[in-house]
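Quantities reported herein were computed from a predicted structural model and do not represent experimental measurements. Throughout, a chain's letter reflects where its sequence line sits, starting with A, and its residues are numbered from 1.
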2 protein chains.
Amino acid sequence: MNPDSPDIQQLKDGYLLAALSHSEFEDVMAHASVRTLAPGEGVFDQGDLCTHFFFVLAGIVKLGRIAPSGEEKVMDLVRPRHYFAEAAMFLGGRYPVYACALEATRLVALDNAHFLRLLRGNGDLCIRLLSTLSQRMHGLVNEIDNLTLHSGAERLIGYLLEQLPEGAVPASVWLNVPKHVIASRLGIQPETLSRILAKLRAERLIDVHEGMIVLNDVAALRRFS
Amino acid sequence: MNPDSPDIQQLKDGYLLAALSHSEFEDVMAHASVRTLAPGEGVFDQGDLCTHFFFVLAGIVKLGRIAPSGEEKVMDLVRPRHYFAEAAMFLGGRYPVYACALEATRLVALDNAHFLRLLRGNGDLCIRLLSTLSQRMHGLVNEIDNLTLHSGAERLIGYLLEQLPEGAVPASVWLNVPKHVIASRLGIQPETLSRILAKLRAERLIDVHEGMIVLNDVAALRRFS
DNA sequence: CGGCAGTTTGAGCACGATCAAGCACAGTGG
DNA sequence: CCACTGTGCTTGATCGTGCTCAAACTGCCG
């Protein structure tokens with residue numbers, strides 16, 4: 001792997017690995033590899049032995065869970081510059097979710113065993129990882145009170161506002177993923193999502209063109225959630 | 001604080017601090033204190049500056065969240081031998097939940113700043129804490145697919161089976177907390193909880209006496225969830 | 001052109017929330 | 001001793017959100 005590629009620069013600049021010395025970073029790179037995935041291609045299955053964690057360079061990765069009953073739930077959609085499966089490293093062996101690419105995707109796979117060894121010797125890196133996991137936990141806690149306290153419409157609005165890039169004019173969100181995936185991510189059925197979108201469109205709060213959602217009145221939407 | 005008390009032994013035997021040397025443990029104890037709480041007394045409020053994390057020696061602590069809209073949700077009920085608020089240490093300042101005792105409670109308060117200093121020098125302790133947080137995250141993920149995939153009745157049954165002490169005959173759970181707290185913990189209304197209990201009782205799956213719930217047919221209940 | 005996946009729309013239904021009333025029990029004060 | 005009050009729990013009636021089943025519509029690819 002070329003250490004000067006923009007990919008690697010992206011990884012190096014991210015929060016987690018910024019604590020590393022030059023030689024430590026080289027060391028991590030020596031045990032990392034870049035994977036290129038076609039749309040729909042899997043990264044790992046739920047229950048697989050977990051050997052790596054990942055950083056997304058480009059594309060979108062879906063993290064999903066299949067309940068014993070067969071029902072499926074999208075847990076997260078991971079976009080570029082984010083890590084995933086880094087908590088599974090400590091969970092004792094198997095991935096609790098499956099991961100697959102939703103579109104053409106490039107990611108870095110980092111070796112768990114090697115990274116764990118590095119962690120032992122680097123308190124700063126440890127603290128950063130602890131901080132990362134804490135933030136992720138906080139996100140999950142928010143998710144839980146979203147699910148219990150808010151309606152489907154409120155969750156959708158909250159999600160859209162989260163995805164909204166800073167200072168985009170007009171304020172708009174590019175979904176990039178099939179709507180039924182968004183629906184599962186929000187814990188609702190595709191039909192319900194469709195109805196909510198129709199209702200918001202009727203109230204002139206949003207416009208929908210292809211996969212693009214334009215938020216006409218961000219202030220009003222914010223008041224909603 | 002007497003280092004030979006059974007309280008301290010309990011703390012020392014727990015998973016998290018088992019990695020410490022004798023002198024390190026003494027060091028932690030030097031910055032820890034035992035607090036005794038009356039029923040209903042608060043430990044900290046949502047939004048308080050976070051300075052300590054805690055280990056429950058006896059009693060029950062309720063972790064709750066108040067949404068901006070004023071709605072309230074019980075996030076967790078912490079029982080003896082468990083930690084809480086150890087993730088907030090890395091979250092940058094303020095507790096995302098409030099904590100209060102539901103009955104007479106005794107807990108150990110551990111100093112964040114001091115513990116962080118200790119973490120930097122002890123890779124093993126770091127890894128243990130990472131592992132603890134990962135498990136907690138996994139619990140939250142389970143919680144989420146409970147909320148999205150299962151009905152109120154299934155969540156209640158799941159909760160009861162979780163609380164069921166090993167090898168208790170007859171299989172029974174002592175709630176120890178008002179039912180409206182359980183309801184909030186499960187994300188349902190008190191009335192709904194009451195109805196579910198009535199239905200399960202009608203089907204002879206459980207019996208309810210005071211705060212005691214007897215599970216008549218654990219196998220059948222397990223099949224439910 | 002026909003098949004197929006994703007999406008939309010419609011109709012009916014179920015779960016759980018809300019509003020409301022009733023019951024049991026404890027504490028308080030006349 | 002008995003009203004009076006407050007709290008926690010239960011039960012009933014009603015209503016709304018969102019799920020299910022079903023049908024129609026879209027764009028896409030063979």
Counting primed atoms, P, OP1 and OP2 as sugar-phosphate and everything else as base, the B/S/- map of nucleotides 14-30 of chain D against protein heavy atoms under 4.0 Å is ----SSBB---------
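Both tests hold for B:Arg128 against B:Tyr15: distance to the six-membered ring centre under 6.0 Å, angle to the ring axis within 45°.
No donor-acceptor pair under 3.5 Å is formed between the side chain of A:Arg65 and the backbone N or O of B:Asp145. The backbone N or O of A:Ile144 sits less than 3.5 Å from a side-chain atom of A:Thr148, completing a donor-acceptor pair.
Between the CD atom of A:Glu210 and the P atom of C:dT8 there is a distance of 11 Å, rounded to whole Å. When rounded to the nearest whole Å, the span between CG of A:Leu197 and P of C:dT7 equals 11 Å. The NZ-C1' distance, from A:Lys179 to C:dT9, rounds to 13 Å in whole Å. Taking atom CG on B:Leu147 and atom C1' on C:dC15, their separation rounds to 15 Å, with Å as the unit. Nucleotide D:dT10 holds its P atom 12 Å from the NE2 atom of B:His180, rounded to whole Å. Between the C1' atom of C:dT7 and the CG atom of A:Leu175 lies a distance of 13 Å, rounded to the nearest Å. Remark: C1' of C:dA14 and NZ of B:Lys199 are 12 Å apart, rounded to the nearest angstrom.
Around the CZ atom of B:Arg79, the shell of radius 6.0 Å holds more than 12 heavy atoms that belong to other residues, nucleotides or ligands.
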Would you please test B:Phe90 and B:Phe53 for ring pair (Phe, Tyr, Trp, His ring centres under 6.0 Å) and show each step? CA-CA 11 Å; B:Phe90 307 96; B:Phe53 68 102; 8.9 Å; no
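Judged purely by distance below 3.5 Å, without hydrogens or angles, the side chains of B:Glu72 and B:Tyr98 pair a donor atom with an acceptor atom.
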